[in-house]
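Read the structure below first, then the notes.
Below, chain A is the first sequence line, B the second, and so on; all start at residue 1.
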2 protein chains.
Amino acid sequence: MTSAGSRSRTPQANADADGTNSSVTMRDVARLAGVGTITVSRALQHPDRVTAETRRKIDEAIAALGYVPNLAAGTLRSSKSRIIVAIVPTMSNSIFAETLQAMSDVLRPAGFHLLIGHTGYSAAEEEALVAAFLARRPDGVILTGYTHTPRTVELLRRARIPVIEMWNIGPDPIDTIIGMSSYDASLAMTRYLIRKGYRRIGYIGGLLQDNDRTAQREAGFRAGLEEAGRPFDPLMIVRAPFEFESGGTALGDLLNRMPDADAVFAASDILAVGVLLECLGRGIAVPGRLAVAGFDDAGISSRMTPPLTTIRVPRRAIGRTIAERMLARLAGRPTGERIVDLGFELIERASA
Amino acid sequence: MTSAGSRSRTPQANADADGTNSSVTMRDVARLAGVGTITVSRALQHPDRVTAETRRKIDEAIAALGYVPNLAAGTLRSSKSRIIVAIVPTMSNSIFAETLQAMSDVLRPAGFHLLIGHTGYSAAEEEALVAAFLARRPDGVILTGYTHTPRTVELLRRARIPVIEMWNIGPDPIDTIIGMSSYDASLAMTRYLIRKGYRRIGYIGGLLQDNDRTAQREAGFRAGLEEAGRPFDPLMIVRAPFEFESGGTALGDLLNRMPDADAVFAASDILAVGVLLECLGRGIAVPGRLAVAGFDDAGISSRMTPPLTTIRVPRRAIGRTIAERMLARLAGRPTGERIVDLGFELIERASA
DNA sequence: TTGAAAGCGTTACCAA
DNA sequence: TTGGTAACGCTTTCAA
């Protein structure tokens with residue numbers, strides 16, 4: 001580990017002073033090792049199909065020349081890029097970041113790289129990303145949710161590669177869908193609040209545009225009210241972008257419309273924490289005067305005062321499962337159901 | 001936007017029923033358009049070097065055949081991948097996620113894709129990532145900080161591509177370094193706390209392993225004490241990973257060692273927010289009994305009660321500037337200084 | 001276990 | 001403005 005040292009101050013001028021350069025090819029390695037190029041290729045791809053002695057000579061030649069393989073050539077010839085494309089709404093929400101990291105942690109040791117795109121919650125942007133990324137000939141594609149433009153679906157269908165939709169379970173996957181049911185989770189939380197005796201429950205949800213997660217959560221909330229015979233009123237719902245700032249603002253809106261609310265279900269912990277902080281600022285007792293429930297179980301939620309009742313989504317497990325499934329598919333190994341529900345957990349804490 | 005529809009239930013079986021498939025090449029497009037392949041290539045790369053009529057015919061052929069270019073072939077031939085590698089410690093910290101998104105927002109419209117890796121704050125892992133990614137022949141590489149293994153530096157030097165180190169300014173960049181001085185910022189915050197009259201200032205910092213940002217912050221804190229003639233004592237420092245949970249724990253440790261502390265400077269808002277929440281839980285008045293300052297200006301910091309005094313780092317500007325600089329370099333346009341300091345802002349709020 | 005030749009789909013080079 | 005030919009560096013195919 002060094003932070004300084006004898007580095008060249010003019011990187012552009014780094015010629016082959018040490019006899020190595022970046023245009024070393026497999027052929028050069030083969031020549032130095034005294035073998036054919038194909039043997040070098042085999043030594044790199046399937047080390048066990050080459051004698052230990054040959055492998056040693058090749059390894060030495062690689063080290064001596066500073067050889068770096070050129071994956072573009074391999075991809076062209078083999079039609080295998082070892083690239084997996086993953087598209088998420090945003091990377092700023094650590095929910096998705098953690099899922100991506102979990103996927104990457106499985107894929108990288110297997111030699112696959114994740115090419116990540118973010119849509120800003122726009123299906124049109126997703127389509128543009130898919131179109132652009134397909135030119136890289138990815139071996140597989142992972143999308144968030146099941147709401148896509150028809151052309152996105154068509155492009156992926158024609159690409160004939162594994163496609164995994166994630167996070168939110170829907171009825172008719174393009175190929176495979178892995179995640180949990182936002183509807184079920186939201187319904188469970190609504191039932192819980194009702195069971196706890198809250199009479200006037202407000203809902204702060206995300207924007208619905210191109211977002212089946214937020215749509216399912218809102219639908220689950222309404223279903224919960226209905227099955228309990230509670231009248232639903234559009235005034236009970238406020239929608240806001242997933243930011244801490246909007247949680248507080250949204251609570252203000254909601255309380256203006258529902259001054260008698262005794263509980264708030266926020267469809268994301270980012271919003272719910274914003275709500276809690278706003279309550280703190282306004283001196284609203286939680287859960288005494290107003291109960292607060294969230295969704296996601298973010299890192300901060302358990303540290304709040306009071307700690308937040310929320311839905312835990314297995315976000316690392318989703319990433320891991322998707323990556324493993326993808327690797328199995330690409331290796332031709334048998335895979336299971338096309339719809340994989342990894343479930344959720346209702347975490348009961350003090351806030352509701 | 002559709003969430004369902006007439007999708008095939010057996011994607012593996014999608015043959016060329018509609019006459020289009022994914023093995024359409026530029027040659028097929030050329031044939032249908034009645035031109036040479038090179039003209040198709042030109043129409044795609046430099047639309048202005050082709051007559052409008054030719055371009056129209058080619059566009060029609062592309063649409064009719066559902067042609068998707070193969071970038072692997074182009075990369076092989078031209079040695080231009082239009083891939084930029086970016087390596088960060090973690091994507092879970094939204095600080096880095098926002099910088100990555102800002103970079104991506106500039107690079108994508110220019111036809112470049114970001115290949116992202118995360119090191120988990122390990123220089124050895126960074127080296128492994130760089131070695132693996134270089135096989136994709138990226139057009140440029142972006143690293144976080146200036147602490148790298150010698151082999152990482154050597155690999156990048158040999159690759160002869162633009163390398164931009166980011167976030168933390170250091171004296172001797174591999175090539176170009178863009179960010180701010182964590183040392184200066186930390187020193188400024190320490191001076192601020194001293195000026196505000198706090199006598200016994202504790203410090204909660206990140207782990208130092210392979211992390212020049214945390215090291216500079218700690219050094220800045222010590223320098224601030226020293227220049228004010230305050231005695232430094234190792235007991236004043238607690239180090240913890242950047243997680244909400246550790247902020248609270250670390251505060252406990254610190255107060256055991258320094259029961260008379262009247263201020264805490266946490267080297268990350270994640271820790272500082274954890275500290276604030278812990279104070280809330282323990283009934284410690286902020287800033288009356290204990291002042292709290294942070295670093296990063298995370299989204300939640302301004303919403304806390306009291307709102308958090310912190311250092312604002314221009315994280316989106318860093319990403320944008322890096323991307324623009326990278327594009328300029330790759331286009332052969334002149335670029336400025338090798339060290340670009342985008343500065344910071346001390347945000348004075350109520351917590352300290 | 002090893003190798004020779006062919007070819008992947010694109011773009012550089014040179015010519016018309 | 002357009003095109004023919006060659007070449008990028010690897011892996012597949014077939015053969016020894």
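In this structure, the CZ atom of Arg55(B) is 10 Å from the P atom of dT2(D), given to the nearest Å. Taking atom CZ of residue Arg31(A) and atom P of nucleotide dA4(C), one finds them 12 Å apart after rounding to whole Å. We find that CG of Asp28(A) is positioned 11 Å from P of dC8(D), with the value rounded to whole Å. Note: CG (Asn70(B)) to P (dG7(C)) measures 18 Å, nearest angstrom. The nearest whole Å value for the distance from the CZ atom in Arg27(B) to the P atom in dT10(C) is 11 Å. We find that CD1 of Ile58(A) is positioned 10 Å from C1' of dT2(C), with the value rounded to whole Å. The distance from atom CZ of Arg137(B) to atom C1' of dT10(C) is 17 Å, rounded to the nearest whole Å. What separates CZ of Arg49(B) from C1' of dT2(D) is a distance of 13 Å, to the nearest Å.
Among the protein residues, Ser79(A) comes within range of no part of the nucleic acid, since none of its heavy atoms lies under 4.0 Å from any strand.
Positionally, the nearest nucleotide of DNA chain D for Asp48(B) lies more toward the 5' end than for the other of Leu76(B) and Asp48(B).
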Protein-proximity profile, nucleotides 11-16 of chain C, B/S/- by nucleotide at the 4.0 Å heavy-atom cutoff, equals BB----
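Of all the heavy atoms in Ala328(B) and Thr335(B), the pair that sits closest is CB-CG2, 3.9 Å.
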Output a table of donor-acceptor pairs, distance under 3.5 Å, between side-chain atoms of residues 43-51 of chain A and any protein atom two or more places apart or on a different chain; print 'none' if there are none.
{"from": "Thr51(A)", "atom 1": "OG1", "to": "Thr54(A)", "atom 2": "N", "distance (Å)": "3.3"}
{"from": "Thr51(A)", "atom 1": "OG1", "to": "Thr54(A)", "atom 2": "OG1", "distance (Å)": "2.6"}

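Between Lys57(A) and Glu60(A) no salt bridge is recorded (no basic side-chain N to carboxylate O distance below 4.0 Å). Contact check on Asp28(A) versus Arg31(A) returns a salt bridge, with a Lys/Arg side-chain nitrogen under 4.0 Å from an Asp/Glu carboxylate oxygen. Comment: Arg157(B) engages Glu154(B) in a salt bridge, judged by a side-chain N to carboxylate O separation of less than 4.0 angstrom.
Listed by first then second residue, pairs satisfying ring-ring contact (aromatic ring centres under 6.0 Å, His included) with a partner in residues 101-124 of chain A read His113(A)-Phe133(B), not counting sequence neighbours.
OP1 and OP2 of dG9(C) both lie 4.0 Å or more from every side-chain N or O belonging to Tyr67(B). Using a 4.0 Å cut-off, no side-chain N or O of Thr51(B) falls inside it from OP1 or OP2 of dT1(D).
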Please lay out, stage by stage, how Val68(B) and Arg158(A) fare under the test side chain to side chain contact (heavy atoms under 4.5 Å, CB included).
-> CA-CA 10 Å; Val68(B) 177; Arg158(A) 286 195 188 165; over 6 Å; no
